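Scroll down for the structure; my scribbles are underneath it.
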Amino acid sequence: MTRLPRFAVVDYGAGNLVSIDQALSRVGADVVVARDPAGLTGAAALVVPGVGAAAPAMDRLRAAGLVEPIRNWIAAGRPYLGICLGLQLLFDGSDEDGAETLGVVPGRTTRLVDAPTLPHIGWNQVERTRDHDLFDGIAPDADFYFVHSYAGAAQDEAAVLARTTHGSSFVSAVARDNVLGVQFHPERSGADGLRLLANVVELVGSGALAASAAGSAAAPVSAAR
Amino acid sequence: MLRRRVIPCLDVANGRVVKGTRFVDLVDEGDPPELAERYAAEGADELVFLDISAAPEGRGTLLDIVERTARRAFIPLTVGGGVRSVDDMRDVLRAGADKVSLNTAAVADPELIRACAGRFGRQAVVVAIDARRLTTDKAGWEVVVKGGREATELEAVAWAERAVALGAGELLVTSMDRDGTRSGFDTELLRAIADRVEVPVIASGGAAGPADFVAAVREGQADAVLAASIFHRRIHSIGAVKQAMAAAGLPVRLVPEAAA
């Protein structure tokens with residue numbers, strides 16, 4: 001039996017990890033909760049969840065000594081999955097409170113404009129702008145569960161994987177090299193959400209995410225396998 | 001486009017799902033995790049889980065049941081009943097809830113809403129309002145607390161606005177007059193509140209059939225519709241309700257019925 005890929009779910013006090021732990025375990029990941037840099041040891045992938053505002057989240061990540069390790073993790077081309085706030089943190093900064101965030105994907109997190117209700121709570125359609133294995137086996141018009149008032153406005157459309165409309169259109173999924181991010185909550189999106197997480201586990205387990213990282217630098221590694 | 005949600009409600013007393021009429025005459029309806037899994041498979045968009053047992057020792061039971069329920073249903077779970085502090089909320093979220101519903105405790109101490117939203121984000125804070133139509137010559141609705149046992153001085157629409165200003169991310173509005181009566185939602189109450197707040201409003205109390213769900217959204221301007229007994233007793237399936245909503249032109253999430 002092959003070893004299950006280990007997913008470190010970062011706990012920085014920004015949300016409920018139970019459902020993410022349960023969902024990832026259900027689709028074949030070995031889940032560990034990481035509260036400090038040592039918690040990342042031995043992990044094949046990093047999951048950053050979270051809800052709420054960016055500034056307190058960055059403060060808590062900093063207090064846990066996790067900001068630099070997460071930056072280094074991403075820079076090293078290792079698999080990262082951001083969920084909700086974990087996606088927003090990938091951008092340069094947030095208009096919610098002026099927080100500077102990780103700056104991995106060019107763009108900012110802005111308040112949803114023209115939204116009929118705020119927060120945007122409930123199931124909404126995730127319209128894909130290009131193909132990616134993240135959505136393998138999931139119907140093109142599938143709905144996922146959202147809970148947020150702010151979302152990413154990407155400057156680099158190449159990083160955008162899907163958009164969703166609530167009043168106006170916002171970025172609901174990104175993929176760039178080893179980095180994946182979703183604004184919705186796959187762990188609470190029923191069968192389609194579990195399938196998406198299973199796809200992530202598959203991508204991590206097969207080395208596909210890490211191998212595509214850092215462009216040509218990673219090519220010899222994948223060729224050697 | 002954002003879908004209108006259909007939400008089965010599990011009223012839990014002493015570890016079992018129960019349902020009454022106008023908050024009394026409780027009848028046993030089943031095991032919470034079992035019902036939760038069934039509803040998730042049938043296309044429920046969320047679950048609301050309300051601990052209505054007055055017994056203080058119910059707390060431990062509740063957390064255990066929340067955990068067992070969260071493990072079996074991969075859809076959002078809101079838990080309410082007896083949450084009186086930020087620490088209570090933390091415990092319920094740790095057990096696997098995504099949101100917490102505040103009712104009596106928020107009326108007693110409105111600052112609790114602000115404290116909970118400040119700690120966990122407003123999206124995790126649902127304020128539940130039980131409202132009863134004023135029978136005197138005054139128009140409007142009064143807020144009732146303690147499971148319908150105690151009237152307050154609060155007017156429901158004003159309280160709804162204040163709750164949102166304090167940090168409620170959603171409002172769960174129950175018409176006590178209609179609860180369990182299967183006589184339709186109080187769409188005037190819903191509309192009065194939805195017109196005044198930006199956050200989603202969940203309609204509750206009075207569902208009899210699919211037409212009531214359509215009315216709650218159309219006339220009541222509700223974003224989500226909650227019901228209990230019609231689903232527990234299999235009078236209507238979640239799928240049938242959603243089909244009717246879709247036929248009426250409302251955006252809903254249709255899922256293929258799982259083989260039972």
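Note that these values count all heavy atoms, side chains included, but never hydrogens, waters or copies made by symmetry. In what follows, every chain begins at residue 1, and chains take the letters A, B, ... in the order their sequences are listed. What you see is a predicted model; the values in this text were computed from it and never measured.
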Less than 4.5 Å to any heavy atom of chain B: does that hold for the side chain of A/Leu118, its backbone, both, or neither? both
Part of residues 22-37 of chain A lying next to chain B, heavy-atom separation under 4.5 Å: A/Gln22, A/Ala23, A/Arg26
Do NZ/NE/NH1/NH2 and the carboxylate oxygens of A/Glu157 and A/Arg163 come within less than 4.0 Å? yes
In terms of side-chain geometry, is the basic nitrogen of B/Arg3 or B/Asp45 positioned less than 4.0 Å from the acidic oxygen of its partner? no
Who wins among B/Gly96, B/Ala194, B/Pro76 for the most heavy-atom pairs under 4.5 Å with chain A? B/Pro76
What part of B/Ala40 lies closer than 4.5 angstrom to a heavy atom of chain A: side chain, backbone, both or neither? neither
Between B/Glu67 and B/Arg71, does any NZ, NE, NH1 or NH2 come within less than 4.0 Å of an OD or OE carboxylate oxygen? yes
Please answer whether the main-chain N or O of A/Phe91 pairs with a side-chain N or O of A/Thr101 as donor and acceptor at a distance below 3.5 Å. yes
Flag the pair B/Glu170 and B/Arg5 as a salt bridge only when some basic side-chain nitrogen lies within less than 4.0 angstrom of an acidic carboxylate oxygen. yes
Would you check if the side chain of A/Tyr80 reaches a backbone N or O of A/Val48 as a donor-acceptor pair within less than 3.5 Å? no
Among B/Ala70, B/Gly121, B/Ala224, which has the most heavy-atom pairs under 4.5 Å with chain A? B/Ala70
Under 4.5 Å, counting heavy-atom pairs only, tell me which of A/Pro119, A/Ser189, A/Gly193, A/Gly122 racks up the most with chain B. A/Pro119
Are A/Arg195 and A/Asp192 ion-paired here, with the side-chain N under 4.0 Å from a carboxylate O? no
Do the two ring centres, one from A/Phe184 and one from A/Tyr145, sit under 6.0 Å apart? no
A/Arg71 and A/Glu68 ion-paired at < 4.0 Å: yes
Quick check on B/Ala73 against chain A: is it the side chain, the backbone, both or neither that has a heavy atom closer than 4.5 Å? backbone
Which portion of A/His120 sits near chain B, non-hydrogen atoms under 4.5 angstrom: side chain
With a 4.5 angstrom heavy-atom cut-off, is it the side chain or the backbone of B/Ala97 that approaches chain A, or both, or neither? backbone
Please check: side-chain N/O of A/Gln125 versus main-chain N/O of A/Thr164, any donor-acceptor pairing under 3.5 Å? no
B/Asp98 and A/Arg188 ion-paired at < 4.0 Å: yes
Proximity breakdown for B/Ala95 and chain A, heavy-atom pairs closer than 4.5 Å: backbone
Counting heavy-atom pairs under 4.5 Å to chain A, which of B/Pro200, B/Pro251, B/Ala124 comes out on top? B/Pro200
